[in-house]
Amino acid sequence: MASALRALARDLCPPLLWRGLRELRARVRPHQQAGVDGKQDLALYWDPEMAAVLETWGQGNAWNEIQFLMSQASGKALDIACGTGTVIGLLADVPGLEVHGCDISDLLIGKAVERGIPADRLKVCDATQLPYADGSFDYSYSIGSLEHFTEEGIGKFVAEAARVTRAGSFHMMPTSRSGRDEGWMKTYQSFHNCSPAWWVSHFRKGFGRVRVLDSTWNDRISVGKWFICSH
């Protein structure tokens, strides 16, 4: 997510200003105590510029990877925090797979409907309180979303993903390039920049098995990881 936002800023800003933005990010530090995680920057998800960024940010990395992960899946899958529905569209040709999506922003869900995703497969909701029955989906996934939740929200998100998913739940997010738990940061958005082990400890509260795979997504302070979760 951060790399796509930097690309957008580079297109919109003069070179000197863009250099200043890069230098500012390089000086960003977490709050003094990891876990002092404030609030989510929810207003961004009703910003048309953010909606435009979400149309392209995972190209060439995370979006390729989710297609590999889901290529042999069948049944029903849930895209949690689906944004404008781009990934749902990419998975539309997987035989026997029916992908649903949910997001907190009605603006983004509206754009998913405009994309041609059936409205009855989309819901506006909070990922910490999913409006689906237990075991509604064979699979679920999220991409570049969970790191923006507060630590309390992460626990609720994981619990809900575990509740509604029967087989596998796949989640990609940035982890700290340093390998340390750097805590809650504020750059373009607020997010956790922590180690893979920190994330595994959270996923294991909802899932019995958690495997970590590398993602090709990266930026200056983070590297992407997939957390492959099952019961």
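The analysis underlying the following values was restricted to heavy atoms, covering all of them including side chains, and did not include hydrogens, waters or symmetry mates.
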Measure the spacing between CG of Leu97 and CE of Met70 and express it to the nearest 0.5 Å. 4.5 Å
Just wondering, are more than 12 heavy atoms of other shown residues or ligands nearer than 6.0 Å to NZ in Lys76? yes
Would you mind reporting whether Glu65 and Thr216 have side-chain heavy atoms less than 4.5 Å apart? yes
Got a sec, which pairs hit ring-ring contact (aromatic ring centres under 6.0 Å, His included) with one end in residues 71-106, sequence neighbours left out? His100-Phe137
Find out whether Val94 and Val99 are in side-chain contact, i.e. whether some heavy atom of one side chain is under 4.5 Å from a heavy atom of the other. no
Look at the side chain of Arg115 and the backbone N and O of Thr84, then say whether any donor-acceptor pair between them is shorter than 3.5 Å. yes
Do Ser105 and Asp103 pair up side chain to side chain, a donor and an acceptor below 3.5 Å, judged on atom types alone? no
Donor-acceptor pair between Trp226 and Asp214 side chains, under 3.5 angstrom: no
Mind checking what makes salt bridge (Lys or Arg N to Asp or Glu O under 4.0 Å) contact with Lys156, not counting sequence neighbours? Glu152
Counting C-beta onward and ignoring hydrogens, is there a side-chain heavy-atom pair between Val87 and Ile143 closer than 4.5 Å? yes
Check the side chains of Ser169 and Ser140 for a donor-acceptor pair under 3.5 angstrom, ignoring hydrogens and angles. yes
Smallest separation among heavy atoms of Lys225 and Thr175, with atom names: CG-OG1, 3.4 Å
Of all pairs that satisfy salt bridge (charged side-chain N to carboxylate O under 4.0 Å, His left out), the ones with a partner from residues 192-202, not counting sequence neighbours: none
Would you name the heavy atoms of Ser190 and Asp41 that are closest together and state the gap between them? N-OD2, 2.6 Å
Test item: Asp134 and Val164 side chains (from C-beta on) under 4.5 Å apart, heavy atoms: no
Do Cys82 and Ile109 have side chains that approach each other closer than 4.5 Å (heavy atoms only, starting at C-beta)? yes
Taking all non-hydrogen atoms of both residues into account, name the closest pair between Leu108 and Ala51 and its distance. CD2-CB, 3.7 Å
Could you give the distance from OG (Ser71) to CG (Asp93), rounded to the nearest 0.5 Å? 13.0 Å
Tell me if the aromatic rings of Tyr141 and His171 count as close, with their centers under 6.0 Å from one another. no
Tell me whether Asp181 contacts the main-chain N or O of Gly183 through its side chain, where contact means a donor paired with an acceptor under 3.5 Å. no
For the residue pair Leu146 and Ile154, establish whether any side-chain heavy-atom pair is separated by less than 4.5 Å. yes
Return yes when atom CZ of Arg177 has more than 12 non-hydrogen atoms of other residues, nucleotides or ligands closer than 6.0 Å, and no otherwise. yes
Heavy-atom distance under 4.5 Å between the side chains of Cys125 and Ile104, does that happen here? no
Given 3.5 Å as the limit, does a donor-acceptor pair link the side chain of Ser222 with the main chain of Asp219, or not? no
Leu122 and Ile88: CA distance, side-chain angles, deciding distance, side-chain contact (heavy atoms from CB on, under 4.5 Å) verdict: CA-CA 10 Å; Leu122 298 167; Ile88 299 176; 4.1 Å; yes
Stepwise side-chain contact (heavy atoms from CB on, under 4.5 Å) check, Glu151 with Trp198: CA-CA 11 Å; Glu151 191 162 1; Trp198 187 90; 3.8 Å; yes
Looking only at side-chain N and O atoms, does Tyr45 offer a donor or acceptor that is under 3.5 Å from a partner on Gln189? yes
Could you report the tightest heavy-atom contact between Gly224 and Met172, atom names first, then the distance? CA-CE, 3.9 Å
Applying salt bridge (Lys or Arg N to Asp or Glu O under 4.0 Å), can you list everything that pairs with Glu160, at least two apart in sequence or on another chain? Arg163
For residues Leu130 and Cys102, report the shortest heavy-atom separation together with the two atoms involved. CD2-SG, 3.8 Å
To the nearest 0.5 Å, atom NE2 of His148 lies from atom CE of Met173 at 10.0 Å
Nearest-0.5 Å distance, CZ of residue Arg180 to SG of residue Cys194: 11.5 Å
Shared hydrophobic cluster, Val223 / Trp63 (ILVMFWY, side-chain heavy atoms < 4.5 Å): no
Listed partners of Arg209 passing salt bridge (Lys or Arg N to Asp or Glu O under 4.0 Å), at least two apart: none
Between Thr128 and Gly153, which heavy-atom pair has the shortest distance, and what is it? CG2-O, 3.6 Å
Is a side-chain donor or acceptor of Thr165 paired with a backbone partner of Ala167 at a separation under 3.5 angstrom? no
With a 4.5 Å limit on heavy-atom distance, are the side chains of Phe170 and Tyr139 in contact? yes
Between the side chain of Asn193 and the main-chain N/O of Phe191, is any donor-acceptor distance below 3.5 Å? no
How would you list, by chain and number, every residue that makes a side chain to side chain donor-acceptor pair (under 3.5 Å) with Ser178, sequence neighbours excluded? Glu182
side-chain contact (heavy atoms from CB on, under 4.5 Å) between Thr150 and Lys39, worked out: CA-CA 7 Å; Thr150 65; Lys39 296 182 179 180; 5.5 Å; no
Tell me whether Ser142 contacts the main-chain N or O of Ile80 through its side chain, where contact means a donor paired with an acceptor under 3.5 Å. no
Report the distance from atom CG of Leu44 to atom CH2 of Trp46, rounding to the nearest 0.5 Å. 10.5 Å
Keeping His231 on the side-chain end and Arg166 on the backbone end, is there a donor-acceptor pair under 3.5 Å? no
Between Leu213 and Ile228, is the side-chain contact (heavy atoms from CB on, under 4.5 Å) condition met? List the steps. CA-CA 8 Å; Leu213 302 178; Ile228 310 302; 3.8 Å; yes
Nearest 0.5 Å, please: how far is NZ in Lys111 from CG in Leu107? 5.5 Å
